[in-house]
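Computed from heavy atoms alone, side chains included, the values below leave out hydrogens, waters and symmetry copies.
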Amino acid sequence: MRPFTLAQAYRRATVMVERSGLLPAVHACLHAATGAPRAFTARALLVALATHAIRQGDIHLTKVLATLAELPPSARHQLGLARDADTYRMLWHAFTRLVQAIEDGTLATPHNHLDVDTRTGEIPPCAADCPHQVISLSVFTGRLLASSLPDSLGLTGAAAIDSTDYETWARRRSWARTPDIDPDHLPVDDTVKPPTRTTRSRPVPNEPGWPRTGADGRAQHTADPDAREGYRSGTNGRPGNVFCGYDLHLAVNARAVNGPEVPFVFTGMHLAPAGTHKGEAGIALLDQIRAHQQVSEVAADRGYSYCTPTRWAHPLRTRGIEPVIDLHPKQRGTRPGPIPGTVIVDGGLFTDALPASWRALPGYTLGMPREKKQALRARYDARAAYAFTPHTRRDKDGYQRLKGPALAARLRCPNHPRSRRLPHYIPLATCRPGADCACGKTLTLPPDVSPWTQQRTLWGTTGWATDYGRRNAIESGNAEAKTHRLHLDRGFTRVMGTPKNTLLLTFSLAGLNHVILRDWHAKRRHRDPWAAQLDEPEPVVLLSEDRKTRARRRTATLATLTSGTPPS
């Protein structure tokens with residue numbers, strides 16, 4: 001589809017800024033009570049960034065200024081811009097002042113100042129004891145992304161999260177001998193070496209005075225004070241390597257289990273220096289989302305689930321969030337269960353009647369044919385007959401009651417006569433009659449028993465594949481942000497530091513949400529909820545034309561170019 005026009009982008013940006021509730025705090029930050037009044041208003045700063053982001057493209061302040069210059073005089077009057085007020089110096093000063101207020105913790109909104117006079121931009125006075133709500137960087141990001149989603153869009157409560165690399169714009173000045181990664185990071189291939197700067201004849205040494213020691217005690221290789229070394233896994237045949245910059249943690253709205261498809265809009269974003277702990281960053285990302293919506297489950301890859309349980313699994317369950325994870329080969333295997341007669345296999349609790357040949361099933365490999373996947377899932381499904389199943393819901397403190405497979409009518413056991421009356425297609429356990437087996441027992445599973453691998457569906461089964469397959473939503477979101485719509489690579493923003501990059505990336509993702517919603521509904525011949533809310537005219541959708549219509553149009557065009565006259 002065609003990109004948004006300037007008028008459409010400006011109108012959507014204005015509504016988005018007003019719905020975010022950030023304008024009063026930014027106005028109080030930029031427009032001081034003393035001194036000369038600021039000619040470049042707070043409304044102009046937020047609306048200009050949002051307008052440029054909705055129109056897509058690299059979000060450089062020079063390009064934002066060019067977008068602002070294209071606005072008609074009526075729009076500039078609404079923004080409170082005086083004549084010759086849109087200079088780069090004024091835009092940069094307002095932006096850096098906002099960043100400084102966020103870093104200092106002085107960006108705050110009085111609770112009774114939720115509305116600003118849209119004509120003058122003034123804030124009504126308040127009492128000296130009026131409580132203020134501090135707006136941190138995470139709160140700013142969460143509010144802006146939430147305001148980019150229309151009220152009619154129903155969120156499912158399921159989030160799919162992932163992290164991607166985002167290189168710093170600053171030039172690299174030094175190179176380390178070993179990769180600087182967190183101890184909880186996934187095992188890195190020993191063949192991976194840090195990048196080295198070389199010429200045709202010999203390596204080039206580090207520049208004098210580099211690397212420096214950053215505020216966090218880690219090595220700093222660029223002038224960017226927050227950029228650090230990190231590891232990015234290989235994709236599309238490219239091997240994994242080391243980069244210098246940030247880990248961009250993103251969250252999108254995923255569909256519910258067995259629910260209808262939903263647009264994969266971005267609901268959260270957390271930017272952290274590369275190499276920082278992914279589990280803690282993922283929890284911070286989910287806390288940001290939980291401030292605006294209810295999150296009941298999260299689909300995450302091994303980069304998060306491989307972390308220490310105290311820094312990922314336990315914080316998730318204390319927040320009432322159920323993890324849906326994949327297992328690393330080091331997380332698989334067989335271990336003793338919590339009570340006699342039980343065994344833990346690939347993170348699931350089984351009775352020890354499970355045949356030995358089913359305790360070490362092969363894993364799924366990259367590029368495995370579909371037929372082999374289905375055959376392997378059938379073996380995991382058959383093994384599930386020996387597993388314990390939930391008897392009650394998980395308590396708030398993490399405890400859960402489980403029942404044995406004989407009580408769940410999934411296994412026939414000679415020590416439980418009622419199970420022997422089950423149909424004969426149900427497997428028969430090889431337990432010795434009279435033995436104290438666990439097939440018909442119930443137990444309470446504490447949260448500290450196998451917390452690294454606990455999840456509601458057994459790993460490897462068809463149900464798990466359906467559940468975990470929803471994580472593809474974040475892969476689709478990453479593709480939209482890095483390849484198809486935006487290009488979140490080196491140079492997309494040309495600022496330094498976590499706060500500045502976070503603000504610009506947040507506006508870009510908020511603008512991307514508008515594009516994703518419009519195109520998703522257009523492909524299904526539905527009205528864009530934002531267009532319906534703003535009473536915009538129906539767009540011209542070229543993708544909805546059938547092939548015959550396009551073929552006739554191409555034939556007519558070729559005939560016109562050849563003969564000079566349209567065909568009869």
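Crowding of Gln294 atom CD: a count of heavy atoms from other residues, nucleotides or ligands under 6.0 Å not exceeding 12. Sparse packing is recorded around CZ of Arg89, with 12 or fewer heavy atoms of other residues, nucleotides or ligands lying under 6.0 Å away.
Two residues are said to be in side-chain contact when any heavy atoms from C-beta on lie closer than 4.5 Å; Arg218 and Thr276 meet this criterion. Counting heavy atoms from C-beta on, the side chains of Leu6 and Arg55 come closer than 4.5 Å. A 4.5 Å side-chain heavy-atom check between Ile516 and Phe264 finds every atom pair outside the cut-off. In this structure, the side chains of Lys500 and Thr96 come closer than 4.5 Å at one or more pairs of heavy atoms. When side chains are defined from C-beta on, Met269 counts as touching Thr502, because their heavy atoms get closer than 4.5 Å. The shortest side-chain heavy-atom distance between Leu79 and Leu68 falls under the 4.5 Å cut-off. Looking at heavy atoms from C-beta onward, Leu271 lies in side-chain contact with Leu505 at the 4.5 angstrom threshold. No side-chain heavy atom of Asp528 sits under 4.5 Å from any side-chain heavy atom of Pro150.
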Leu486 vs Ser508, test: side-chain contact (heavy atoms from CB on, under 4.5 Å). Steps then yes/no. CA-CA 8 Å; Leu486 301 178; Ser508 295; 4.1 Å; yes
Could you walk me through whether His27 and Arg38 satisfy the side-chain contact (heavy atoms from CB on, under 4.5 Å) test, starting with their C-alpha distance in whole Å, then the side-chain angles of each, then the deciding distance to 0.1 Å, before giving a yes or no? CA-CA 10 Å; His27 187 279; Arg38 182 183 294 273; over 6 Å; no
Could you please spell out the steps behind the side-chain contact (heavy atoms from CB on, under 4.5 Å) verdict for Val324 and Arg471? CA-CA 9 Å; Val324 182; Arg471 203 195 70 85; over 6 Å; no
Determine, stepwise, if the pair Asp151 / Arg19 fulfils salt bridge (Lys or Arg N to Asp or Glu O under 4.0 Å). CA-CA 10 Å; Asp151 298 331; Arg19 293 179 74 244; 2.5 Å; yes
What verdict does the side-chain contact (heavy atoms from CB on, under 4.5 Å) test give for Leu107 and Val134, after you've listed the backbone C-alpha separation in whole Å, the side-chain angles of each residue and the deciding distance to 0.1 Å? CA-CA 6 Å; Leu107 186 66; Val134 177; over 6 Å; no
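Closest approach of Met496 and Ala170 over heavy atoms only: CE-CB, 3.7 Å. Minimum interatomic distance between Ala50 and Val17 (heavy atoms only, all atoms of both residues): CB-CG2, 4.3 Å. Pairing each heavy atom of Leu509 with each of Ala481, the nearest pair is CD2-CB, 4.4 Å. Shown here for Ala532 and Arg527, the closest heavy-atom pair between the two residues is CB-CG, 4.0 Å. Summarising the geometry of Pro24 relative to Gly21, their closest heavy-atom pair is CD-O, 3.5 Å, with the distance given to 0.1 Å. Closest heavy-atom contact between Pro263 and Leu153: CG-CD1, 3.9 Å.
Aromatic rings of Trp210 and His221 (six-membered ring for Trp) have centroids beyond the 6.0 Å cut-off, not under it.
Using a 3.5 Å distance cut-off with no hydrogens or angles, the side chains of Thr493 and Tyr166 do pair a donor with an acceptor. Checked by atom type, the side-chain pair Asn241/Tyr231 shows no donor-acceptor distance below 3.5 Å. Counting only N and O atoms by type, the side chains of Asn206 and Ser174 include no donor and acceptor under 3.5 Å apart. Donor-acceptor pairing under 3.5 Å is recorded for the side chains of Tyr10 and Gln78. The closest side-chain donor-acceptor pair between Thr506 and Thr141 falls under 3.5 angstrom. Under the 3.5 Å distance criterion, with hydrogens and angles disregarded, a donor-acceptor pair is assigned to the side chains of Tyr304 and His249.
Here the CG-OG distance, from Leu144 to Ser147, works out to 4.5 Å after rounding to the nearest 0.5 Å. Rounding to the nearest 0.5 angstrom, the gap separating the OG1 atom in Thr14 from the CE atom in Met16 is 9.5 Å. Summarising the geometry, atom CG belonging to Asn253 is positioned 8.0 Å from atom CG belonging to Leu149; distances are rounded to the nearest 0.5 Å. Note that OG of Ser152 and CH2 of Trp530 are 9.0 Å apart. Values are rounded to the nearest 0.5 Å. Note: Arg143 CZ to Leu22 CG = 5.5 Å, rounded to the nearest 0.5 Å. Rounding to the nearest 0.5 Å places CZ of Arg317 at 11.0 Å from CD1 of Ile321.
In this structure, Trp312 contributes its side chain and Ile283 its backbone to no donor-acceptor pair below 3.5 Å. Side chain of Thr156 to backbone of Ala254: a donor-acceptor contact under 3.5 angstrom is found. The backbone N or O of Asp184 sits less than 3.5 Å from a side-chain atom of Asp182, completing a donor-acceptor pair. In terms of modelled atom types and a separation under 3.5 Å, the side chain of Ser476 and the main chain of Asn472 share no donor-acceptor contact. Not a single donor-acceptor pair under 3.5 Å links the side chain of Ser20 to the backbone N or O of Ala146. Looking only at distances, no side-chain donor or acceptor of Asp180 sits under 3.5 Å from a matching main-chain atom of Gly230. Side-chain atoms of Gln220 come within 3.5 Å of backbone atoms of Thr222 as a donor-acceptor pair (strictly under, hydrogens ignored). Within the 3.5 Å criterion, the main-chain N or O of Thr5 finds a donor-acceptor partner in the side chain of Gln8. In this structure a side-chain-to-backbone donor-acceptor pair under 3.5 Å is missing from Asn513 to Val265. Judged by distance alone, with hydrogens and angles left aside, the side-chain atoms of His277 form a donor-acceptor pair with the main-chain N or O of Gly279 at under 3.5 Å.
One finds a salt bridge joining Arg470 and Glu297 here, because a Lys/Arg side-chain nitrogen approaches an Asp/Glu carboxylate oxygen to under 4.0 Å. With respect to Asp519 and Arg524, no salt bridge is recorded, no charged nitrogen being found less than 4.0 Å from a carboxylate O. Salt-bridge formation is detected for the pair Asp86/Arg76: a Lys NZ or Arg NE/NH1/NH2 atom is positioned less than 4.0 Å from an Asp or Glu carboxylate oxygen. The residues Arg228 and Asp216 are annotated as salt-bridged, a charged nitrogen and a carboxylate oxygen being separated by less than 4.0 angstrom. Taking 4.0 Å as the cut-off between side-chain N and carboxylate O, Glu536 and Arg518 do not count as a salt-bridged pair.
Note: His514 and Phe4 have perpendicular aromatic rings, judged against thresholds of 30 and 60 degrees for the angle between ring planes. By the 30° and 60° cut-offs, the orientation of the rings of Phe95 relative to Trp92 is tilted.
Each salt bridge (charged side-chain N to carboxylate O under 4.0 Å, His left out) pair with one or both residues in residues 269-293, not counting sequence neighbours, appears once here: Glu280-Arg311, Asp287-Arg290, Asp287-Arg319. Listed by first and then second residue, the ring pair (Phe, Tyr, Trp, His ring centres under 6.0 Å) pairs that reach into residues 474-507 come to none, sequence neighbours excluded.
Every residue two or more places apart in sequence or in another chain that forms a salt bridge (charged side-chain N to carboxylate O under 4.0 Å, His left out) with Lys482 is listed here: Asp165.
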